[in-house]
Amino acid sequence: MKKIPFITKEKAEEIAGKYPTPFYLYDEKGIRETAQAVKEAFSWNPGFREYFAVKATPNPFILRIFKDYGFGCDCSSLAELKLAEVSGFRGEEIMFSSNETPAEEYVYTAKLGGIVNFDDITHLDFYEKNAGAFPETVSCRFNPGGTFSISNSIMDNPGDAKYGMTREQIAEAFKILKSRGVKYFGIHAFLASNTVTDEYYPNLAARLFELAVELKKETGADIRFINLSGGVGIPYKPDQEPNNIGRIGAGVRERFEEILVPAGLGNVRIYAEMGRFMLGPYGALITRAVHEKHIYKEYIGVDACAANLMRPAMYRAYHHITVLGKEDKPEDHTYDVVGSLCENNDKFAIDRKLPEIEKGDLLFIHDAGAHGFSMGYNYNGRLHSPELLLKENGDVQLIRRGQTLQDYFATFDCFDEWKGLFD
Ligand SMILES: *Cc1c(COP(=O)(O)O)cnc(C)c1O
């Protein structure tokens, strides 16, 4: 499918006139349509809740949009808990799915009344020692080990992942928790990332539903929810078929009726913690071509770099690029599109077929709405770009200003002496 930017060149230039490139732009319309589609896909399950994975796009203005759909927040650090808090989420609207957790984060989750999703059996004592008695409802994260396959193709390798408890441990954890006063239980697993297939959630659900039936028998635990976590992917490449959330919801429902209903578990709630699927396609990094370089290859230098969007450098991830205003021009040039870091992996695209790029052209880097801005870093002293929200009425709202050199220097003790440098 041809990838179409959610703004025109004219609109992008208008925005760039006020907020110089590079900047992140999010599309409220796309976010809302997806939230609504997710809600409808699981409306057969009365207790369904999506807990948006805050780490994907940690911005209160984004988090608040999801409040309109009854969603919650999935957090895994103190900052993320506070982001949920300032965005108005409380109690069971907060899921805390962390690992290698600092004590203060359990304490803060308890203070907010969030649901703790324990990653490891050794954390039970650690929690009690630091945060006090367990709450009424608790969740545990499962890791089945081995590889996770769907129709003979290996999706991922849980046996190699640091997360979750073994089958024996999760049963043991439920028994311990029950003996220490926990009344209601949840089960969580995240077994494959960025799955571009409608079969991932239904397959994962079937495994967790079977586990729930077994754990109920073995431990007598009152299981109230199954958390399918994240992992529903998006088509980064134009030749990929997007997931159909309606079909995914129906697939989970089928397994639910097959496995849980006959076991007397028909009241179990389905939870999700999607990040990428909710926001990936509805955010773009917009950057301007500032240099061209002709050596052994053709390079286009842009004003964004891997410090703004790390995925290509870190995972060699593909991000589609549209040269705004040249959507219909032939893609008859081959470029590496690069940033300014002194790191040769600072390339948004390698050997990419694109229309001829001239200095000053605006590039729309697609699918940067999740795990984009949030993975930003400050290598080479490069600064975080601003984040902007394109509202449904066409207005643009600054939802996070860009980092300044003052921000960068502020953590040095002697900052006050140097202040003059920044006037
Ligand atoms: C990262 C993460 C998510 C979100 O994953 P996506 O691939 O963005 O959907 C959800 N839950 C947990 C525990 C995570 O670590």
Side-chain angles (χ1 to χ4, degrees), residues 26 31 34-35 37-38 41-42 49-59 62-63 66 71-81 83-84 89 93-101 105-106 109 114-120 123 138-143 148 155-156 158 160-165 170 186-198 200-201 204-205 208 225-236 240 242-243 245 248-249 252 270-283 309-311 314-315 317 319 367-375:
Y26 301 99
I31 297 169
T34 299
V38 165
F42 289 91
R49 182 175 272 158
E50 151 72 3
Y51 290 86
F52 176 69
V54 173
K55 75 166 190 260
T57 320
N59 189 306
I62 300 288
L63 302 183
F66 293 123
F71 294 175
C73 285
D74 167 41
C75 306
S76 61
S77 69
L78 192 58
E80 290 177 7
L81 286 166
L83 282 162
F89 295 90
E93 294 166 341
I94 296 171
M95 182 68 64
F96 188 59
S97 290
S98 63
N99 68 94
E100 309 312 333
T101 313
E105 301 185 355
Y106 280 139
T109 305
I115 302 176
V116 175
N117 181 31
F118 283 107
D119 182 70
D120 190 59
H123 287 215
V138 154
S139 174
C140 289
R141 182 167 183 166
F142 175 54
N143 181 336
F148 181 75
M155 306 286 297
D156 221 317
D160 205 29
K162 66 173 178 169
Y163 308 108
M165 306 184 194
I170 196 168
I187 304 174
H188 169 283
F190 188 158
L191 302 188
S193 202
N194 191 32
T195 58
V196 191
T197 157
D198 294 339
Y200 171 63
Y201 256 16
L204 169 67
L208 295 184
F225 64 85
I226 305 280
N227 185 345
L228 301 176
S229 187
V232 179
I234 57 167
Y236 285 99
Q240 287 177 301
N243 285 334
I245 196 68
I248 290 173
V252 173
I270 303 298
Y271 290 166
E273 299 174 339
M274 291 179 279
R276 195 186 313 269
F277 184 78
M278 306 306 299
L279 229 87
Y282 317 112
L309 175 64
M310 189 192 214
R311 298 187 70 259
M314 186 166 176
Y315 310 118
H319 278 264
D367 300 315
H371 313 296
F373 179 94
S374 59
M375 277 192 190

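We number each residue from 1, following the sequence as shown. Below, each value reflects all heavy atoms present in this structure, side chains not excepted, and no hydrogens, waters or symmetry copies. Read the numbers this way: they start at 1 and go in the same order the structure lists the ligands and their atoms.
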Over-ring placement of R311 relative to Y236, 6.0 Å and 45° cut-offs: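 That pair qualifies as a cation-pi contact.
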Ring center gap for F148 and Y200 short of 6.0 angstrom: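 Yes.
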Centroid-centroid distance, F118 to Y106, less than 6.0 Å: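 F118 vs Y106: aromatic centres under 6.0 Å.
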Which of the numbered atoms in ligand 1 are below 4.0 angstrom from a heavy atom of [X]?
X: R276; answer: 6 (P), 7 (O), 8 (O), 9 (O)
X: M274; answer: 9 (O)
X: S97; answer: 13 (C)

Could you tell me whether some N/O pair between [X] and ligand 1 is separated by less than 3.5 angstrom?
X: R141; value: no
X: H188; value: no
X: E273; value: yes
X: H371; value: yes
X: G275; value: yes
X: D74; value: yes

Is any side-chain heavy atom of [Y] closer than 4.5 Å to one of [X]?
X: I234; Y: N243; value: no
X: H371; Y: M310; value: no
X: C75; Y: I94; value: yes

Heavy-atom gap S229 to ligand 1 smaller than 4.0 Å: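 S229: in contact with ligand 1 (<4.0 Å).
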Ligand 1 contact by G231, heavy-atom criterion under 4.0 angstrom: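 Yes, that is the case, since the closest heavy atom of the residue is under 4.0 Å from the ligand.
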T109 side chain vs G114 backbone, donor-acceptor pair below 3.5 Å: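 Not at all, since once roles are kept as given, no pair shorter than 3.5 Å links the two residues.
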From M155 atom CE to L191 atom CG, the distance as rounded to the nearest 0.5 Å: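 M155 atom CE to L191 atom CG measures 10.0 Å (nearest 0.5 Å).
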Backbone, side chain, both or neither: what part of [X] comes under 4.0 angstrom of ligand 1, heavy atoms only?
X: F190; value: side chain
X: N117; value: neither
X: A53; value: side chain

A192 versus D156, closest heavy-atom pair with distance: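 Looking at all heavy atoms of both residues, the shortest contact is CA-OD2, 3.5 Å.
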Parallel, tilted or perpendicular, as decided by the 30° and 60° cut-offs, for the rings of F66 and F71: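 If you compare the ring of F71 with that of F66, the planes turn out parallel.
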Shortest protein heavy-atom distance from atom 2 (C) of ligand 1, along with the residue and atom involved: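 Going atom by atom, the protein heavy atom closest to atom 2 (C) of ligand 1 ends up being K55 NZ, 2.3 Å.
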